[in-house]
Each structure stands twice: as C-alpha cells, then as structure tokens.
Amino acid sequence: GLKSPGWAAALLRLLTPESLEGAEFDLPYFREYQLGDYATLHNDVDGSARQRLLCFNLWLPTSLWDLTCGGGFLWCGQPSPDDSFREARLIPPAFNSASLFVPGTATSWHAVEAVRRIVEADGARGDERLEVR
C-alpha cells in the first residue's frame, strides 16, 4: 500500500539525489472531501524545516462526477504584480486523474472549490469524494 516501506523507499529514490540518501519525508495522506468541504488558497509551504519536494494529488471520484458536483482543483500559479492570478484554471476532478507539481512559495498557489453535490458509482447521490495527497 501507499504507506508501506517499499513505497516510501521508491518515492525517496525517485525524489532525492544520491547526496540526500537517508533523508526523511512524510508518506502520503488521504483527504476525504465531503459535501460542503473545500480548501482555501494555499501553496503547500508551511514554513517548517520540512518542505515538500513534490505534490501529487490523485482524485478518485466516481465516473459520474461532473462540474455540477464541485470539488474542482483551482490552479492559480504565481500572482501577478497586481496580486491577481492570470494563470488561474479550474480543473474538475475526473475519474482516476491526478495533478503533479513542485510546490513553491511564489509559484504554486492553489485551492479546491466546495463540494456541492456527490454522485455515487450507481448514480445515487452520496456525500464524499476521496483525494490521495
């Protein structure tokens, strides 16, 4: 699984040069977006000594998820001199899709819009959406 030592070793090998062997990093965590949940504008840099090297978001909504459900990933990028986000794009969650980006204080601003409605695989209305981060 995603929290196994083998997965951790593979990620470490992929993300760190040989000079950083033995470095520690946090394993992925799971966030379940339920009806009304959202994430405010942020850049995945928290000011601590630990810094993310890579951000990987895997979305696992049902194949029936559509724009009316909400929960879209809002990529803002780097703010312009007037503090607007000219690169802003809304990326709706799609079945078995992912985003991958390098976090940075000035270049990786993003958010998740509120989940407005949830559709289960059988077409029934549900109340959650799962994201692996």
Side-chain angles (χ1 to χ4, degrees):
L2 293 176
K3 294 203 177 242
S4 71
W7 175 249
L11 279 177
L12 186 61
R13 179 166 289 229
L14 175 68
L15 300 176
T16 59
E18 290 179 23
S19 63
L20 294 179
E21 276 196 40
E24 294 183 20
F25 66 95
D26 296 327
L27 291 174
Y29 67 92
F30 302 90
R31 173 148 187 206
E32 183 179 355
Y33 284 87
Q34 297 184 4
L35 196 60
D37 286 351
Y38 62 94
T40 59
L41 188 64
H42 64 283
N43 61 9
D44 290 328
V45 177
D46 64 6
S48 69
R50 296 179 78 104
Q51 182 176 335
R52 291 184 183 181
L53 298 175
L54 186 67
C55 292
F56 172 77
N57 294 319
L58 171 64
W59 295 293
L60 301 170
T62 70
S63 59
L64 299 175
W65 196 277
D66 63 27
L67 289 173
T68 65
C69 296
F73 181 77
L74 178 62
W75 175 258
C76 298
Q78 183 170 356
S80 300
D82 63 359
D83 288 332
S84 66
F85 290 98
R86 295 182 183 146
E87 298 175 36
R89 301 286 182 269
L90 181 63
I91 303 164
F95 179 69
N96 202 26
S97 64
S99 71
L100 184 68
F101 60 92
V102 176
T105 55
T107 61
S108 64
W109 290 95
H110 58 282
V112 176
E113 72 175 333
V115 174
R116 295 185 294 272
R117 180 174 75 84
I118 297 175
V119 179
E120 300 295 337
D122 61 3
R125 186 167 177 237
D127 62 356
E128 61 190 32
R129 162 179 154 319
L130 181 66
E131 173 183 79
V132 178
R133 298 179 52 145

* Structure fact -> Note: Thr68 and Arg116 closest approach over all heavy atoms is O-NE, 3.5 Å
* Asked: Hey, do the aromatic rings of Trp75 and Phe101 have their centres closer than 6.0 Å?
  -> yes
* Structure fact -> So CZ of Arg117 and SG of Cys69: to nearest 0.5 Å the spacing works out to 4.0 Å
* To do: Can you see which heavy atom on Asp82 is nearest to which on Ser84, and at what distance?
  => OD1-OG, 2.6 Å
* Are the side chain of Glu113 and the backbone N or O of Gly72 linked by a donor-acceptor pair below 3.5 Å? -> yes
* **Closest heavy-atom pair and its distance - Ala98, Phe56** => CB-CE1, 3.8 Å
* Applying the 4.5 Å side-chain criterion to the ILVMFWY set and letting contacts propagate, would Leu67 and Leu35 be lumped into a single cluster? -> no
* Determine whether the aromatic ring centres of Phe73 and Trp59 lie less than 6.0 Å apart. => yes
* **Distance in Å, Leu41 CG paired with Leu74 CG, rounded so as to fall on 0.5 Å steps** => 7.5 Å
* Distance (rounded to the nearest 0.5 Å) between Gln78 CD and Glu87 CD -> 7.0 Å
* **Distance-minimising heavy-atom pair for Asn43 and Pro103** => O-CB, 3.8 Å
* Side chains of Val112 and Tyr33 in contact at under 4.5 Å (non-hydrogen atoms) -> yes
* Structure fact -> In short, Ala39 meets Ala111 closest at the heavy-atom pair O-CB, 3.3 Å
* Phe85 CZ to Cys76 SG distance, which is reported to the nearest 0.5 Å -> 5.0 Å
* **Shortest non-hydrogen contact from Ala94 toward Ser97** => O-OG, 2.7 Å
* To do: First locate atom CG of Leu58, then atom CG of Leu100, and finally report the distance between them rounded to the nearest 0.5 Å.
  => 11.5 Å
